[in-house]
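Here's the structure, in structure tokens; my notes come after.
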2 protein chains.
Amino acid sequence: MATVAPAPKTVNEAESKLLESALTLFSEKGYEGTSIREIIEGAGVTRPVLYYYFENKEDLFRRLVEIKFTEFTNQIEAIKSSVPTCADRLKAIIRKEFVIAERSPETVRLILQVFFSLPQQGPRLDKTRLAHARFRLLEDIMRDGLERNELSGGDAQSLALVFLGIMDMHIMAKSNRPETRLTPDLADGLVDLFLAGAGFREAPVTALVSPYTFG
Amino acid sequence: MATVAPAPKTVNEAESKLLESALTLFSEKGYEGTSIREIIEGAGVTRPVLYYYFENKEDLFRRLVEIKFTEFTNQIEAIKSSVPTCADRLKAIIRKEFVIAERSPETVRLILQVFFSLPQQGPRLDKTRLAHARFRLLEDIMRDGLERNELSGGDAQSLALVFLGIMDMHIMAKSNRPETRLTPDLADGLVDLFLAGAGFREAPVTALVSPYTFG
DNA sequence: TTGTCCTTACCTACCGTTAATTAATCTGAC
DNA sequence: GTCAGATTAATTAACGGTAGGTAAGGACAA
């Protein structure tokens with residue numbers, strides 16, 4: 001046997017397999033609905049291995065959420081500094097989130113699960129901190145838009161909450177009905193609608209077409 | 001032959017105590033996070049009593065959701081026939097939902113939990129059917145509004161989804177931060193914003209004030 | 001006597017977690 | 001270079017606890 005270069009020996013292969021398996025399961029069945037036995041089975045390791053790399057189930061969940069959440073927000077935050085106007089920023093953000101939701105729905109489901117979980121559901125982790133981070137970003141953009149007279153109609157927090165509602169509702173819809181397509185066109189249309197409103201006008205700015213058909 | 005649900009028998013005290021206790025617990029800790037031991041303790045009955053009135057934990061959850069969901073939608077559906085114009089219908093609906101969310105947050109949390117749960121989370125129940133019923137109502141109203149030239153900007157489904165997003169995001173916000181006040185003014189403001197958009201105009205139609213302060 | 005409502009006592013399966021131990025790898029004194 | 005010793009990584013086998021669920025039967029009204 002020719003000795004090839006020493007196997008990459010990806011540091012902590014077991015650890016990343018565990019994280020991967022945990023992501024799949026937690027994002028489909030939730031925290032309580034997933035057992036440690038399923039996780040280790042999916043990762044192809046034995047149980048004590050999990051306890052070697054993680055303190056316990058909660059620690060595994062928390063670290064997973066932390067990793068995915070950071071990945072997620074880093075991509076979104078990069079947008080603010082590279083795009084100047086409010087409308088374009090909103091479009092860039094919602095397009096980006098749609099791309100992520102299409103490419104790795106598990107990640108998005110995991111994050112939304114944390115945002116929208118019941119008060120006492122899941123492990124103790126600072127949900128507010130995470131939701132806050134995302135909210136603040138939108139709030140800043142809205143405040144900017146208001147100051148530069150690109151927006152009106154409410155304070156920055158209200159506008160941020162409305163926009164998040166529109167965006168998240170669509171991402172949720174995809175999570176429940178994977179055939180839903182979150183296209184860039186849809187993203188732009190939603191921002192246009194957010195800006196122009198749905199009240200009647202002769203020449204509507206936008207003509208959204210629903211991403212899916214119910215029933 | 002469809003299995004006909006038995007006529008609403010006289011609900012026994014033990015049965016209603018169980019439903020009440022289950023509502024409290026399920027709406028705070030979720031389905032998997034709640035044990036039947038906690039439920040019976042909260043209801044002040046013994047375990048076999050639960051199994052006397054309900055097939056099992058799943059059955060209890062399903063019947064509870066069915067009851068609360070029907071209560072909920074009945075109140076909302078009444079609005080459509082009693083209010084003529086689109087804008088007023090939307091305002092009436094969101095006001096009503098806000099009132100319900102203020103008065104019985106547990107009910108709302110339970111329902112939203114079903115709508116926004118993970119694909120394999122919780123007991124097998126037809127989430128789509130429930131979500132669908134609510135969605136259809138909004139869709140009908142939007143279609144009506146489009147036909148009567150009270151709305152534009154997209155198809156009925158898109159508008160319904162956007163509106164639901166705005167509304168539900170606020171209800172969720174209250175669920176996570178009970179100090180949030182879902183007032184009639186906020187409700188009206190959200191509809192105005194939905195109709196007029198957040199794009200700048202000299203005299204904004206609405207001037208929303210956020211129902212809470214983050215941090 | 002029959003059907004309703006509730007009790008005591010118990011079952012099995014699975015949960016998260018751990019002890020005890022071994023295989024593999026690295027370290028440094030000689 | 002060799003080899004004791006520490007370190008790291010994984011194993012087997014079980015722990016106590018709790019989960020959902022049940023068998024068998026008693027009290028009591030119709």
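Convention: sequence-line order gives letters A, B, ...; per-chain numbering from 1.
Qualifying ring pair (Phe, Tyr, Trp, His ring centres under 6.0 Å) partners for Phe61(A), counting only residues two or more places apart in sequence or in other chains: Phe26(A), Tyr31(A).
Atom CD1 of Ile40(B) and atom C1' of dT8(C) are 13 Å apart (whole Å). For the pair Glu32(B) CD and dG20(D) C1', the computed distance is 13 Å after rounding to whole Å. Regarding Glu13(A), its CD atom lies at a distance of 12 Å from the P atom of dA9(D), rounded to whole Å. The distance between atom CG of Leu18(B) and atom P of dC5(C), rounded to the nearest whole Å, is 13 Å. What separates CG of Leu50(B) from P of dT22(D) is a distance of 11 Å, to the nearest Å. Protein atom CD of Glu41(B) is 12 Å distant from nucleotide atom P of dT18(D), rounded to whole Å. Rounded to an integer number of Å, the gap from CG of Asn56(B) to P of dG20(D) is 11 Å. Atom OH in Tyr51(A) sits roughly 16 Å away from atom C1' in dA10(D) (whole-Å rounding).
Of all heavy-atom pairs between Ile111(A) and Phe69(A), the closest is CD1-CA, 4.0 Å. When all heavy atoms of Leu50(B) and Leu18(B) are compared, the closest pair comes out as CA-CD1, 3.7 Å.
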Are any protein N/O atoms closer than 3.5 Å to N/O atoms in nucleotides 23-30 of chain D? If there are, list each pair with its distance.
none

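The distance from the CD atom of Glu66(A) to the CG atom of Asp126(A) is 9.5 Å, given to the nearest 0.5 Å. Atoms OG and CD, from Ser21(A) and Glu38(A) in turn, are 8.5 Å apart once rounded to the nearest 0.5 Å.
Checked by atom type, the side-chain pair Asn56(B)/Tyr51(B) shows no donor-acceptor distance below 3.5 Å.
When the local axes at the two ends of the helix from dT1(C)-dA30(D) to dC30(C)-dG1(D) are compared, using 5 base pairs at each end, they differ in direction by 0° after rounding to 10°.
Across all strands, Tyr53(A) comes closer than 4.0 Å only to sugar-phosphate atoms, never to a base (heavy-atom distances).
Side-chain contact between Leu190(A) and Phe163(A) is absent, with no heavy-atom pair separated by less than 4.5 Å.
With hydrogens and angles ignored, no donor-acceptor pair under 3.5 angstrom links the side chain of Arg37(B) to the base of dT18(D).
Comparing Tyr31(B) and Arg47(A) by the nucleotide of DNA chain D that holds the closest heavy atom to each, the one mapping nearer the 5' end is Arg47(A).
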Exercise. Would Arg89(B) and Asp144(B) satisfy salt bridge (charged side-chain N to carboxylate O under 4.0 Å, His left out), going step by step from the backbone distance to the final call?
Worked result: CA-CA 11 Å; Arg89(B) 281 173 173 174; Asp144(B) 233 56; 3.2 Å; yes
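Although no hydrogens or angles enter the test, the distance criterion places no donor-acceptor pair under 3.5 Å between the side chain of Arg95(B) and the main chain of Ala187(B).
Of the candidate nucleotides dA10(D), dA19(D), dG16(C), dA10(D) has the atom nearest to the side chain of Val49(A). For Ser35(A), the side-chain atoms get nearest to dG16(C) when compared with the rest of dG16(C), dC6(C), dT17(C). Of the candidates dC6(C), dT17(C), dC15(C), the closest approach to any side-chain atom of Tyr52(B) belongs to dC6(C).
Phosphate proximity of dC6(C) to Thr46(B): absent, as no side-chain N or O sits under 4.0 Å from OP1 or OP2.
Between Phe98(A) and His170(A), the ring-plane angle classifies as tilted under the 30° and 60° cut-offs.
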